[in-house]
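Some notes on the structure that comes next.
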Amino acid sequence: MTDDPKGTTHWSAGPLPQAPEPEMGGSAAGSFPAGPAPTGSSPSGSSPSGSSVPLREGFSERPEERSQRALASSEIARSATLDSQVTIADPMPGFVLPADEARGGPLHTLAAALYATTRMEPGAVAEQMNQLGIRSLGFVCLVLGFVGGILVYQAGIQALRIVPDTSTIGPAYIEILVRDLAASLTALMLATRVGAGIAAEIGSMKVTDQLDALRLSSADPVVHLVAPRLVASVLVTPLLTILGGAVALLTGTLTGLWVFDISLHTFLDARYVDAADLCAGLLKSVAFGLAIPVMSAHAGLYTSGGSQGVGNATTRAVVGSSLAVIVLGFVIGALVEVLAGGAG
Amino acid sequence: MEFVGGIAVVLLQALRATLRRSLDVEQLREGLIRLGLHSLPVVFGTALFVGGIMVIQSAPLMTRYGAHSLLGWGAGFGILREIGPILTGLMISGRVGSNNTAELGTLQVTEQINGLRALAIDPADYLVAPRVLSILVTTVVGTLLSMAVALVGAALTGQALLGVHPITFWNGLTGGMLSWGDVAHGMVKAFVFGLVIAGTSTAYGLRAKGGAPGVGRAVNESVVLSAVAIFVTDALISFASRGN
Amino acid sequence: MIQVRRLYKSFGEPVLRGVELNVPPGRLVGLVGAPASGKSVLLRVIAGLLEPDAGSVKVRGQELVGLGYARRARLMASIGMAFQNIALFDHLTVGENVAFPLRRREKLAEAEVQERVAFELAAVGLSGFEERAVQGLSGGQKRRVGIARAAVTRPPVLLYDEPAAGLDPVSTSRMFSLLVEQKRRLGSTLLVVSSDLDRLFEVTDEVILLHAGRVLCQGPLERVLANPHPAAREFLEGVRAPSVGPSPSLLPAADRDGPLPPGAFFP
């Protein structure tokens, strides 16, 4: 006996099974109601209320009918579309994400998630922000701290190769941090940390049928899982970017101070930073914050096939989010450059 | 510590199998194709955009000094020494490393690795060594090629966005301030990143447990730790080499 | 209660090939068939989880196929389902798992929610398990929690996919008694897929026999058992005559992990 004895002994034995009651047994003596489907109201308007379903004689198949059943699959499909006249509307995104076929792309998921934000439960976003922030804060700070140090070090060595002037390193570093580096590096880290996490989580739920269980508990997976992560990410990513940028600035300043003897006053000079840089940085961090959960949740929602499937979904999430970050970084950077260049 | 130990064990197993020539050649060939060749498109796509980003980010410096000839140097420097190896490493970790963890994790949770042992096939020869070698080769070759692709991307963006002619770009690149030493610096990094990615992803895959969620967790942890390890070793190499 | 007409669904190759069936209200109907005959897919289509390629599914007189978001959600709220691979939410406790659909579907006072959860858990013999973590349960206990979660909202339609798989013999017979009890107590319509034909046939009012994506026959047990179709004979006799090899209930349930991963690790 595999079960806990406590469980089985307390199990109240229900009434013993009995034969079917006669008054119920007679009603549907095993044959289909012939002719058109019973006149249930069909509010969707797409059901074949008018089309007569050809009567099938009885339910037991006679041998000679069997050849009929050996229809080729294409014929079956064709006859199905011909005589059932049911047009299947594209299911609403989210509630029935086509579980069996990858019909929608990431944009489909994005649209579904944005629509789903209107139905979120209170508190869900706060919880996700908490998780997302706590999970990735240390990671982002660690990596950006290291990168800040390396970049100033490399830049200083290069600058000394050309001109023995280290006074522009600080301002140039701060500018590049604001306009790109803080946002892009933070997002790349989130793409691995958060992206892989979201895909593994949703993907595991998908292959263990938990998403279907959610649907049957009147909880739309997109509303319940994707939308809170999306909103949390859009809100938290800029904050993490600012924090990570601050850490990178700190380590960069310290590297400048200790290795190249650049004074704090010379290094911490934001004279190159203008509105365009700030806009570019902010725009990027919001766009990345949107792209990462969408790419990852998409990979998770369309997971198929057991543990290998979950692994593949996680891979797709990391690659997809990282690619999205890099491509979006390029596009936004180029846009701002062209617009600001045109204005200036 | 446990993390470093797991990687060391995996790398030593791979080294021993390679030196004894007991590794499965068929698996190595397949690994090179599946893990290596098939991930090149993603790596190249990344590299193209990374080159573009490098140019966009060095644009203000160039326009400020009016020194278009420096663009090739500025972008090339970043691509060859820092950003190129790091971003290629991150992409390979995301694509190849996590794929490797997923496959090994699946084999582990479905007890197929024990099945191999039951068939008297040493997993070190059959799984570990071919995969580690494939990933190492993929990272080194992928980084070298993606440097070239990134430079092309940089040149194209420079022309489209800043009006810098590719020849000017090329002259800035080869004008004497960059040398093959910078390429070598990048390749050393790529080699180390390859070891890190191969070791981490294999160790975490072999350690997965607990069904499909377990595989997801393993992949998650492996990519995160690879990323951290890439940045940390990058910093160490950069500081150790003192700009040479 | 459930009417299915000319239902087609294919995943590359056809799985459901024109299913027609009718589940009258308040009955306990068994859905049986050889492995891979489309039982689970059919159940999922009826539950509104899969969109069929063509056909019509009416639940409580309302067409489910092609239904829009809000109406589909409302209709699915009248269905409870227990899944073949159980699908408990592993980040929640046992009690929260059972309470989850209740909290989503009905606005009840917390005390009432706890009362209903305790009742359903007691019905499956897991009294006092509310605070347990899902991971700590045995397979059979998880399956019983799944049944409690499906029934806690007292839905008019209950779909059970292998409710007794993995249960020990005592729990199995209690599970089938529970199905009858639920039919009485809730007045629900039950559609039950099970490989344990002997036990299932003891409690069903009607039986639907699925073969290769079509309904071979539907009706009271005696009529189905007397069906002359060769496939029906093969299935029913192979299962019910103990001398003819192992019964399908001993065979592993359909493997959802799919084929081996690419890479052909085994020579």
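Here is how names work: the chains are called A, B, and so on, in the same order as the sequence lines, proteins then strands, and each is numbered from 1. Reckoned from all heavy atoms, side chains included, excluding hydrogens, waters and symmetry mates.
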What is the distance from atom [atom1] of [X] to atom [atom2] of [Y], rounded to the nearest 0.5 Å?
X       : Y       : atom1 : atom2 : answer
I53(B)  : L181(A) : CD1   : CG    : 10.5 Å
T192(A) : E221(B) : OG1   : CD    : 13.5 Å
F239(B) : F146(A) : CZ    : CZ    : 8.5 Å
L328(A) : F49(B)  : CG    : CZ    : 9.5 Å
T46(B)  : F330(A) : OG1   : CZ    : 13.0 Å
I83(B)  : Q154(A) : CD1   : CD    : 9.5 Å

Subject >> Those residues that, when tested against E201(A), pass side-chain hydrogen bond (donor to acceptor under 3.5 Å, both in side chains) (two or more places apart) >> reply: R229(A)

Any heavy-atom pair between the side chains of [Y] and [X] that's under 4.5 Å?
X       : Y       : answer
V215(B) : Q308(A) : no
R95(B)  : V318(A) : no
T314(A) : S98(B)  : no

Let me know if [X] has heavy atoms under 4.5 Å from chain B in its side chain, its backbone, both or neither.
X       : result
S184(A) : neither
L144(A) : neither
M189(A) : side chain
L142(A) : side chain

Flag the one option from [options] with the top tally of heavy-atom pairs under 4.5 Å to chain B.
options                   : result
T315(A), V327(A), V319(A) : T315(A)
L323(A), I326(A), V310(A) : I326(A)
S204(A), A155(A), G156(A) : S204(A)

Original post:
For the candidates V96(B), V232(B), V109(B), V55(B), which exhibits the highest count of non-hydrogen atom pairs separated by less than 4.5 Å from chain A?
Top reply: V232(B)

Original post:
If you count heavy-atom pairs under 4.5 Å with chain A, which of V219(B), I56(B), V50(B), I230(B) comes out on top?
Top reply: I56(B)

Subject >> chain A contact via L48(B) - side chain, backbone, both or neither, heavy atoms under 4.5 Å >> reply: neither

Original post:
For E82(B), is it the side chain, the backbone, both, or neither that has a heavy atom closer than 4.5 Å to a heavy atom of chain A?
Top reply: side chain

I'd like a table of donor-acceptor pairs (distance under 3.5 Å, sequence neighbours excluded) in which one partner is a side-chain atom from residues 151-160 of chain B, with atom names and distances.
from    : atom 1 : to      : atom 2 : distance (Å)
T157(B) : OG1    : G153(B) : O      : 2.7

**OP:** Inspect the surroundings of CZ in F191(B) and state if more than 12 heavy atoms from other residues, nucleotides or ligands are less than 6.0 Å away.
**Re:** no

If you look at every heavy atom in [X] and [Y], which pair is closest and at what distance?
X       : Y       : value
Y153(A) : S238(B) : CE2-O, 3.5 Å
V223(B) : A196(A) : CG2-CB, 4.0 Å
F231(B) : I150(A) : O-CD1, 4.2 Å

